[in-house]
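Values below: all heavy atoms of this structure, side chains included; hydrogens, waters and symmetry mates excluded.
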Amino acid sequence: MARQRLVIVGNGMAGLRFLEETLERARGRFEITVVGAEPVAAYNRVLLSAVLAGEAAAVDVLLRPRRWYAAHEIDLITGQLVQVLDGGARCVRLQNGRTIPFDILVLATGSDPITLSVPGSDLRGVATFRTLCDIAAFERFAAGRRPAVVIGGGLLGNEAAHGLARRGVAVTLVHLADRLMERQLDAEGAALLAEAIEAKGVRVLLGANTRAIRGSCEVEAIELADGRVLKCGLVIMAIGIRPRAALAASGGLGTSRGILVDDRMETSLKGVFAIGECAEHRGSCYGLVEPCYEHAKVAAGAIVGETIGYRGSVLATNLKVSGVPVFSAGDFEGPGEAIIVRDVGVPSFRKLVTRDGRLTGAVLVGDVVDATWYWELIRSRKLVTPFRDALAFGRAFAEAA
Ligand SMILES: Cc1cc2nc3c(=O)[nH]c(=O)nc-3n(C[C@H](O)[C@H](O)[C@H](O)COP(=O)(O)OP(=O)(O)OC[C@H]3O[C@@H](n4cnc5c(N)ncnc54)[C@H](O)[C@@H]3O)c2cc1C
């Protein structure tokens with residue numbers, strides 16, 4: 001029997017995980033082609049921050065060597081953008097003109113960084129932080145030792161600022177909101193994070209709105225709405241991401257913010273799936289890697305006839321932000337009783353919110369050893385009343401109590 005032609009667009013973290021999940025279930029059943037726009041095979045994007053900080057080399061973050069693809073008879077095409085998706089003819093066309101037919105298509109096209117459209121945003125030296133190629137450009141810049149400005153105090157902005165500071169660049173992090181990572185942290189946790197980041201050599205400016213980027217051909221400074229001017233030779237915009245759904249939309253697939261999928265990760269066109277950051281499931285798009293892996297598993301199951309359905313991902317943030325461990329989960333700003341413990345010496349901060357005797361939200365900065373336990377308590381909705389007084393001191397203490 002002829003093998004089904006399986007084409008995967010995007011060789012990022014979701015695309016590769018989908019391949020692995022598929023090979024585990026049905027090795028040899030599909031004739032597989034993978035097309036990736038980046039010049040290298042899939043790598044661990046989460047570790048880009050470590051590469052930028054000089055703590056890992058580009059080669060260390062590659063997830064599978066090319067010989068792995070060859071050993072599984074996967075035709076891996078890198079450095080080629082898929083430009084056309086023809087749902088009627090069931091084929092995709094690459095930028096070099098090659099047409100590849102498919103029986104099953106998986107879109108794993110990730111996201112694009114959002115950029116600010118202010119005067120000067122097209123100057124040389126204005127960059128985003130998403131790929132290994134971006135880092136190569138930052139490294140060339142870092143060698144020149146001019147100051148840099150990072151716009152955006154979310155995860156990526158913090159990581160970019162920290163990485164550049166580790167390379168000896170004078171960095172200012174400017175953020176529009178009045179606290180860093182405002183979606184993951186409450187005010188006090190964010191203040192502690194800001195202190196920790198400043199201690200690592202990054203200057204943090206909050207409530208700072210970028211009005212323009214100045215320069216003739218290259219960046220020379222950024223100008224804030226309050227009139228302050230920050231001299232710099234590099235501006236990194238890290239203000240958010242947008243699912244890459246244009247290819248799907250041009251091929252007639254249903255899209256909204258992302259590519260619309262059902263509980264099998266199948267799009268509006270039968271046999272065409274979307275996974276990872278480009279997918280939109282029941283109104284949600286995700287920007288962390290765990291949901292992307294869940295998508296990959298569900299889609300790999302779907303193409304071999306499994307019936308597991310995806311119900312959406314419950315998110316907890318458990319990250320190292322600029323070297324500072326940060327965990328947040330659940331509803332930590334809603335109604336309820338907040339237990340707050342701050343240890344200035346460590347430094348660490350814990351905020352636990354309980355409602356009706358149950359833990360509903362948690363924020364930890366600095367010391368996150370009990371993150372998994374708190375996460376289990378939130379998800380299981382277990383009664384914490386019997387050990388409430390010990391809750392903030394962690395599992396070992398609470399169990400002893
Ligand atoms: C610096 C940084 C740090 C991060 N840190 C964390 C972290 O600590 N924890 C966490 O959970 N998440 C983190 N993330 C997010 C995480 O990396 C993403 O959620 C994950 O990579 C998404 O996987 P994906 O496969 O959907 O997209 P991607 O990994 O971006 O892969 C998409 C691929 O598709 C390619 N592509 C797009 N369109 C086409 C086309 N038309 N033709 C061919 N190829 C195409 C792209 O070039 C790209 O290679 C971080 C991200 C960055 C940038």
Side-chain angles (χ1 to χ4, degrees), residues 6-22 32-53 56-70 72 74-85 92-98 100 102 105-115 126-141 155-156 159-160 163 236-238 240-248 250 258-259 273-279 285-289 292-293 295-296 299:
L6 169 61
V7 174
I8 300 157
V9 180
N11 186 220
M13 298 188 77
L16 176 63
R17 180 55 68 95
F18 170 81
L19 266 179
E20 293 168 344
E21 295 276 358
T22 300
I32 305 176
T33 306
V34 181
V35 189
E38 292 186 64
V40 289
Y43 53 87
N44 188 339
R45 207 171 293 285
V46 171
L47 293 180
L48 282 186
S49 318
V51 178
L52 177 59
V59 56
D60 300 335
V61 302
L62 287 177
L63 288 167
R64 295 283 188 182
R66 280 184 185 266
R67 64 174 181 282
W68 179 83
Y69 295 85
H72 291 94
I74 295 165
D75 183 10
L76 171 66
I77 303 166
T78 52
Q80 281 294 317
L81 196 67
V82 171
Q83 285 180 324
V84 177
L85 160 54
V92 292
R93 196 163 67 239
L94 316 193
Q95 69 190 100
N96 64 6
R98 182 173 161 195
I100 306 175
F102 63 80
L105 178 70
V106 177
L107 300 170
T109 49
S111 296
D112 281 321
I114 297 175
T115 51
V126 179
T128 52
F129 183 26
R130 179 84 196 172
T131 66
L132 269 174
C133 290
D134 293 335
I135 294 196
F138 300 165
E139 279 171 348
R140 284 195 295 278
F141 166 85
L155 167 68
L156 290 191
E159 294 281 295
I236 298 179
M237 293 187 181
I241 52 172
R242 184 181 297 115
R244 241 168 124 157
L247 176 70
S250 68
I259 307 167
F273 296 78
I275 57 171
E277 287 186 353
C278 66
C285 297
Y286 297 92
L288 292 172
V289 77
C292 300
Y293 286 166
H295 295 175

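- When the shell of 6.0 Å around CZ of Arg242 is examined, it contains 12 or fewer heavy atoms from other residues, nucleotides or ligands.
- The local environment of CZ in Arg45 is crowded, with over 12 non-hydrogen atoms from other residues, nucleotides or ligands closer than 6.0 Å.
- Panel note: side chain Glu21, backbone Ala296; no donor-acceptor pair is recorded below 3.5 Å.
- Between Glu20 and Tyr293 there is no side-chain heavy-atom pair separated by less than 4.5 Å.
- Taking the side chain as every heavy atom from C-beta outward, Phe102 and Val9 never approach each other to under 4.5 Å.
- Side-chain atoms of Thr109 come within 3.5 Å of backbone N or O of Arg244 as a donor-acceptor pair.
- No side-chain heavy atom of Met13 sits less than 4.5 Å from a side-chain heavy atom of Cys292.
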Side chain to side chain contact (heavy atoms under 4.5 Å, CB included) assessment of Thr78 paired with Glu38: CA-CA 6 Å; Thr78 52; Glu38 292 186 64; over 6 Å; no
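- Each of Leu85, Val84, Leu247 was checked for a side chain to side chain contact (heavy atoms under 4.5 Å, CB included) with Val92, and the lone residue meeting it is Leu85.
- Between the Gln80 side chain and the Asn96 main chain, a donor and an acceptor come within less than 3.5 Å of each other.
- Contact of the Arg98 side chain with the Ile77 side chain is registered, since non-hydrogen atoms from C-beta on lie closer than 4.5 Å.
- Ile241 has its side chain within reach of Arg130: a pair of non-hydrogen atoms, C-beta onward, lies under 4.5 Å apart.
- The shortest side-chain heavy-atom distance between Phe18 and His295 does not fall under the 4.5 Å cut-off.
- Side-chain contact between Arg93 and Gln83 is absent, with no heavy atoms from C-beta onward closer than 4.5 Å.
- Partner Leu6 forms a side chain to side chain contact (heavy atoms under 4.5 Å, CB included) with one of Val106, Leu105, Val34 and no other, that one being Val106.
- Looking at heavy atoms from C-beta onward, Ile32 lies out of side-chain contact with Tyr69 at the 4.5 angstrom threshold.
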